[in-house]
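Have a look at the structure below before the remarks.
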Number of protein chains: 2
Amino acid sequence: MSDHRQNIIVTTDVVLFTIKDDRLHVLLHQRPNEPCKGEWALPGGYIRTNEDKGAEAAAERIMIEKIGLPTQMGGTPAFYMEQLSTWSGPDRDKRGFSVSVVFLILVPEAYLQTTFGHGIALLPVDELPDLAFDHGDMVAAAMKRLRGKSTYSSLPAMLLPETFTMADLQKAYEIATGAKLNTSAFTRKIMALDMIVDTGEVYRGPGARGTRPAKLWRLADGRVTFDRTLA
Amino acid sequence: MSDHRQNIIVTTDVVLFTIKDDRLHVLLHQRPNEPCKGEWALPGGYIRTNEDKGAEAAAERIMIEKIGLPTQMGGTPAFYMEQLSTWSGPDRDKRGFSVSVVFLILVPEAYLQTTFGHGIALLPVDELPDLAFDHGDMVAAAMKRLRGKSTYSSLPAMLLPETFTMADLQKAYEIATGAKLNTSAFTRKIMALDMIVDTGEVYRGPGARGTRPAKLWRLADGRVTFDRTLA
DNA sequence: GCAATAGTGTCTTTTAGACACTATCTG
DNA sequence: CAGATAGTGTCTAAAAGACACTATTGC
C-alpha cells in the first residue's frame with residue numbers, strides 16, 4: 001500500500017435539531033477564527049487521537065463541553081445521537097485534505113435554554129443563511145434523514161421533553177415529516193405500537209384556559225422503529 | 001483549536017453485495033499483508049490525498065482497479081453505491097488511530113464473473129467466517145441497511161441484471177428483505193409505482209422448458225424510493 | 001350552560017393478502 | 001392435451017382517512 005503519512009485533517013460536526021415555537025431549528029455558531037471567520041457554521045472540532053474513543057465520542061465531548069448538553073450519571077450523553085454521514089475531499093477546507101464525520105442530534109428545547117450568548121444561536125431551518133464550508137449540505141442531509149426516518153420510527157419524540165401530550169407528539173411528527181397528519185389515525189397507530197405510556201399526569205395549558213386537560217405521556221423504553229409508515 | 005498534526009490513518013472499505021444462487025453474497029479477500037495477514041477482510045485501501053476527490057472516489061477507484069468493476073464512458077462507475085457509515089477509533093488498527101469510511105455496493109453477479117482467483121471470493125452472508133478488524137460489524141450494518149431500505153425503495157433491483165422477470169424481481173426483494181412476499185400484492189405495488197418498464201422481450205428459461213415465457217422488464221430511470229412499504 | 005380543547009367511535013375508502021382462475025408455452 | 005410456469009381477477013381482511021360525537025375543564 002501507499003505512504004501512511006496522509007496528513008488528513010479529521011474533524012466532527014454536529015447537526016443539532018430542536019423544535020422551538022413549533023418550527024424545526026438548528027444550532028449554529030459564528031466562527032470566531034479563520035477559516036471562514038464570522039460565517040455561520042455547525043458546531044464541531046478536531047478528533048483528539050489521545051483522548052477520544054472515536055468520532056462519536058469526540059462529538060459528544062464537544063457538545064457537552066462547548067454547548068453544555070446534559071449528561072446522565074457517568075457522563076453518558078442524555079440526548080439522541082446518530083451518525084449521519086461523512087464528508088471528505090481536498091477542497092472542503094483550505095488547510096488541506098479533510099474528513100468530517102457528521103452526527104445528527106435531536107434534543108428538547110429545554111436542554112438548551114441555559115447555554116446561550118456569544119455567537120451561538122438556534123435558527124429556523126427554513127430561513128438559514130449561507131453556511132461555511134459544506135455545512136449547508138450537511139444540514140440538508142440531516143433534514144432528509146429526519147424526514148425519512150420519522151415516518152417509521154419514534155425519532156420525532158426525541159425532540160420533545162420527557163412528558164408530552166398527544167397533540168405535542170402529533171405536532172412533532174408533522175414538523176419532522178413535513179406532512180399534516182390525521183388525528184384519529186395517528187392516535188390509533190401510536191397506541192397500536194405501544195410506543196408511549198400514560199404518566200397519570202395531565203397538562204392544563206399555559207394558565208387555566210377552561211378546556212379539558214390533556215393526558216401526559218412518556219416514551220416507552222427502547223421502541224424506535226416500526227414496520228408501517230405514518231405519513 | 002488543538003494541534004493539526006493528528007496523524008490519523010484514513011481508509012475506505014467496501015461491502016459489496018450480489019445475489020448468487022438465490023442467496024446474498026459478500027465480496028471478501030484474504031489479506032496478503034500484515035496486519036491480519038491471511039484473514040478474510042473487506043476490500044479497501046488508503047485514501048490518496050493527491051488523487052482522490054473524496055472517500056467515495058477512492059472507493060470507486062479501488063473497486064475498479066482491484067476488483068475490475070465496470071465503468072461507463074468517462075470512467076463513471078456503472079454500479080450502485082452509497083455511503084454506509086464511518087468507523088473510527090484508536091484500537092481498530094494496531095498501526096494507530098484510524099478512520100474508515102465504508103460504502104455499500106450492489107451489483108448483478110454478472111459484473112463479477114471475470115475477476116476472480118487469487119484470494120478473492122464471494123461468500124454467502126449467512127455462512128461468513130470471522131473477519132479481520134471490525135469488518136464483521138460493517139457487514140452486519142450493511143445488511144441492516146439493505147434490509148431496511150429495501151422495503152421502501154428499488155434497491156433490490158440493483159442486484160439484478162439490466163433486464164429481469166417479475167419472478168426475479170420478487171426473489172431479489174425476498175432475499176434483500178428476508179421476508180416472503182405475496183405475488184399478486186407485489187405485482188400490484190410495483191406496477192402502481194411505475195418502477196419498471198416492459199422491454200417487449202421475453203425470457204424462456206434455461207433451455208426450453210415448456211412453460212409460458214416471462215416478460216423481461218427494465219428499471220424505469222431514477223425511481224429509487226417510495227412512500228409505502230413492501231414487506 | 002357555553003366555549004374551547006381532548007379524546008373516541010364509526011362509516012367509508014384504500015390497500016394488502018389469499019387464492020382461484022386464465023394464458024402461453026413445450027413435447 | 002398434459003404439465004409447467006406466467007400473469008390476472010376477485011373475494012376478504014385490515015388499515016387509513018374523514019368527521020361526527022362524547023368528555024372535561026374554566027368561567
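Naming: A, B, ... by sequence-line order, numbering from 1 per chain.
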Close aromatic pair by centroid cut-off 6.0 Å: B:F79 and B:Y111: no
Spacing of A:L27 atom CG and A:L42 atom CG [to the nearest 0.5 Å]: 8.5 Å
Residue whose closest nucleotide on DNA chain C lies nearer the 5' end, A:P213 versus A:S184: A:P213
Rounded interatomic separation in angstrom, taking CZ from B:R204 and P from C:dG27: 11 Å
Rounded interatomic separation in angstrom, taking CG from A:L181 and C1' from D:dG17: 12 Å
Spacing of B:M166 atom CE and B:M191 atom CE [to the nearest 0.5 Å]: 3.5 Å
Closest to the B:A185 side chain, choosing from D:dG7, C:dG17, C:dT5: C:dG17
Pair A:R61 + A:E56: basic N to acidic O under 4.0 Å: no
For atom CZ of A:R188 and atom P of D:dG17, their distance in whole Å: 8 Å
Between C:dC25 (C1') and B:Y203 (OH): distance, integer Å: 14 Å
Interatomic distance, B:L216 CG vs D:dA6 P [rounded to whole Å]: 12 Å
Toward the 5' end of DNA chain D, by each residue's nearest nucleotide, A:T183 or A:R212: A:T183
Nearest-angstrom distance from the residue atom NZ of B:K189 to P of C:dA16: 3 Å
For atom CG of B:D168 and atom P of D:dT5, their distance in whole Å: 14 Å
OP1 or OP2 of D:dA18 under 4.0 Å from side-chain N/O of A:N182: yes
Atom-to-atom span, CG of B:D198 to P of D:dG7 - whole angstrom: 9 Å
